2 protein chains.
Amino acid sequence: MSTDTREKILQAAFDVLSREGYENTSIKQIAEEGGVAQGLVHYYFKSKQRLVMEVLQFVCQKIELGDQGEAGALAAFEDTKQKIREDRGSNALLVQLIGISLHDPEIGAGIRDFVRGQRGRVEDIARQVFAERELDPTAARGIAGAVWGAVLGIIIQSLVEPEFNADEAIDALAAMSLSAVYPADQSA
Amino acid sequence: MSTDTREKILQAAFDVLSREGYENTSIKQIAEEGGVAQGLVHYYFKSKQRLVMEVLQFVCQKIELGDQGEAGALAAFEDTKQKIREDRGSNALLVQLIGISLHDPEIGAGIRDFVRGQRGRVEDIARQVFAERELDPTAARGIAGAVWGAVLGIIIQSLVEPEFNADEAIDALAAMSLSAVYPADQSA
DNA sequence: CGGCTGTGATTGAATGACCAACCAATGTTG
DNA sequence: CAACATTGGTTGGTCATTCAATCACAGCCG
């Protein structure tokens, strides 16, 4: 029953956190949402911060890009569009935690790892594209910072302004990044 | 003495907020930092949220892009690099407030206006570039979403990872966005 | 001039609520 | 009967906000 309860708390924590926000979420609320006693939360998770970080990991298994490998850059952009549409809750949690991470060492470390990991995936794709075209792979790092940053920025815009057209922005990003690699081809 | 005290509180609030973070900042702390009594803060600002939003505006007068007008896109990217280096505190405050804005209507409205305004400036520059090249200006909106998003994403990365090379990312972004417009020219 | 008064500025203590974390007691199960 | 799971109340603290009281200073009047 142990693992079961743990997951129940994680799920409840995710639900409350993405619905109410970190600030407005208390351990008591999480316990109520999960239908367990308040004390149990601290029995499984040393602190609120550790719980929240585990929630992020828990939810990242769903956010993380599918194995890109074969599909390539274009497919990755399509994936991203879908993630923005569907994983609103996860994205909202992530953006909130980024804000908190700036002044909380524990959450800061977790977010730093997450950011590095995500950008690393983009860099891998970029490197792969450069290899295919026999271009200088040195630029991949900067490109990855710009492209992953753009995806994050677009996610934020779509969370802040419900009417923001994220698909349009991602398409523009795709066109921009590809036109830098395939100078001739500009059909987006 | 009235306006003087108000500004003293705003400055103190900015200092504490960007140093300690929203969560860890109390009205009492702000009052102490500014050398005024606790009650004065609520005398000038109805609530903590309203104070924080006024701090954002107060600080935006420094963040806001200089009048771009003549200078054009390339100069704007250079400006951005400098802002990332120098306005760490303002940027940290902004990122934090974005996180909070997702679940606080009052701060949400303020952040929404800010985002729209900032992206609007990028869109103006994009439109101008398209006009010069006699290209279809329809794409400007999507481009603006992608480029402004990228700038925000790069700011966030540089805040989260101190060793992140923001200049490199901005350069890559500049190269990407310009190569979409000037297909031939790729000297970054 | 000197006292009076009204208004806005300022003070710091009080209020009421909330919360993370802890813990002693109870339940469950192998 | 141990070891783990679960309970819910307690603790010690923090916080935003309110408020009654004081202060500074203006103009006005006698």
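Just so it is clear: chains get the letters A, B, ... in the order the sequence lines come, proteins before strands, and each one is counted from 1. Please read all numbers here as calculations on a predicted model, not as lab measurements.
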> Please give, in whole Å, the distance from dT6(D) P to Glu32(A) CD?
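It works out to 17 Å between those atoms.
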> Distance check needed: dA20(C) C1' versus Glu106(A) CD, whole Å only.
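It is 14 Å, rounded to the nearest whole Å.
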> Phe45(B) has an atom CZ; how far is it from atom P of dT10(C), in whole Å?
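Computing the Phe45(B):CZ to dT10(C):P distance gives 12 Å.
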> Is any side-chain nitrogen or oxygen of Thr5(A) closer than 4.0 Å to OP1 or OP2 of dT6(D)?
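For dT6(D), OP1 or OP2 has a side-chain N or O of Thr5(A) closer than 4.0 Å.
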> Looking only at side-chain atoms of Gln38(A), point me to the closest of dT7(D), dT17(D), dA20(C).
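Taking heavy atoms from C-beta onward, the closest nucleotide is dA20(C).
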> Measure the spacing between CD1 of Ile98(A) and CZ of Phe114(A) and express it to the nearest 0.5 Å.
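CZ of Phe114(A) is found 7.5 Å from CD1 of Ile98(A).
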> Give a yes or no on whether a salt bridge exists between Glu163(B) and Arg116(A), defined as a side-chain N under 4.0 angstrom from a carboxylate O.
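A salt bridge links Glu163(B) with Arg116(A).
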> Is there a donor-acceptor pair closer than 3.5 Å between any side-chain N or O of Asn24(B) and the backbone N or O of Glu20(B)?
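Pair found, side chain donor or acceptor close to backbone of Glu20(B).
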> Compute whether any side-chain donor of one residue and acceptor of the other, for Asp15(A) and Gln11(A), lie under 3.5 angstrom apart.
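On atom types as modelled, these side chains qualify, holding a pair under 3.5 Å.
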> Quickly work out the Lys28(A) NZ to dA17(C) P distance and round it to whole Å.
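Nearest whole value for this atom pair: 13 Å.
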> Rounded to the nearest angstrom, tell me the gap between atom CZ in Arg6(A) and atom P in dC4(D).
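Value for this atom pair: 16 Å.
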> Decide whether Gln157(B) and Glu161(B) meet the rule of one side-chain donor and one side-chain acceptor closer than 3.5 Å.
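Not at all, the side chains of Gln157(B) and Glu161(B) share no donor-acceptor pair under 3.5 Å.
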> Is there side-chain contact between Ile107(A) and Tyr22(A), with heavy atoms separated by less than 4.5 Å?
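The answer is yes, as the side chains (C-beta and beyond) meet within the 4.5 Å cut-off.
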> Among the nucleotides dT6(D), dT10(C), dA16(D), which one has an atom lying closest to any side-chain atom of His42(B)?
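Nucleotide nearest to His42(B)'s side chain: dA16(D).
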> Should the side chain of Gln49(B) and the base of dA16(D) be counted as holding a donor-acceptor pair, with the cut-off at 3.5 Å?
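Check fails, no donor-acceptor contact within cut-off.
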> Can you figure out which of dT7(D), dT10(C), dA5(D) approaches the side chain of Tyr44(A) most closely?
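When the side chain of Tyr44(A) is considered, dA5(D) is the closest of dT7(D), dT10(C), dA5(D).
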> Within the structure shown, what part of the strands sits under 4.0 Å from Ile27(A) by heavy-atom distance: base, sugar-phosphate, or nothing?
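Counting heavy atoms under 4.0 Å across all strands, the contact made by Ile27(A) is with sugar-phosphate only.
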> Tell me whether the count of non-hydrogen atoms from other residues, nucleotides or ligands lying under 6.0 Å of CZ in Arg19(B) goes above 12.
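Atom CZ in Arg19(B) is packed in, count exceeds 12.
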> Name the closest nucleotide to the Leu40(A) side chain, picking from dT17(D), dT6(D), dT10(C).
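Among the listed nucleotides, the one closest to the side chain of Leu40(A) is dT6(D).
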> Calculate the interatomic distance between Tyr43(B) atom OH and dT22(D) atom P; express it in whole Å.
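Those two atoms, OH and P, are 18 Å apart.
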> Can you measure Ile107(A) atom CD1 to dA20(C) atom C1' for me and round it to whole angstrom units?
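Those two atoms, CD1 and C1', are 14 Å apart.
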> Mind running a 4.0 Å heavy-atom check of residues 15-26 of chain B against DNA chain C and sending the residues that fall below it, in number order?
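Heavy-atom contacts with DNA chain C come from no residue of residues 15-26 of chain B; none.
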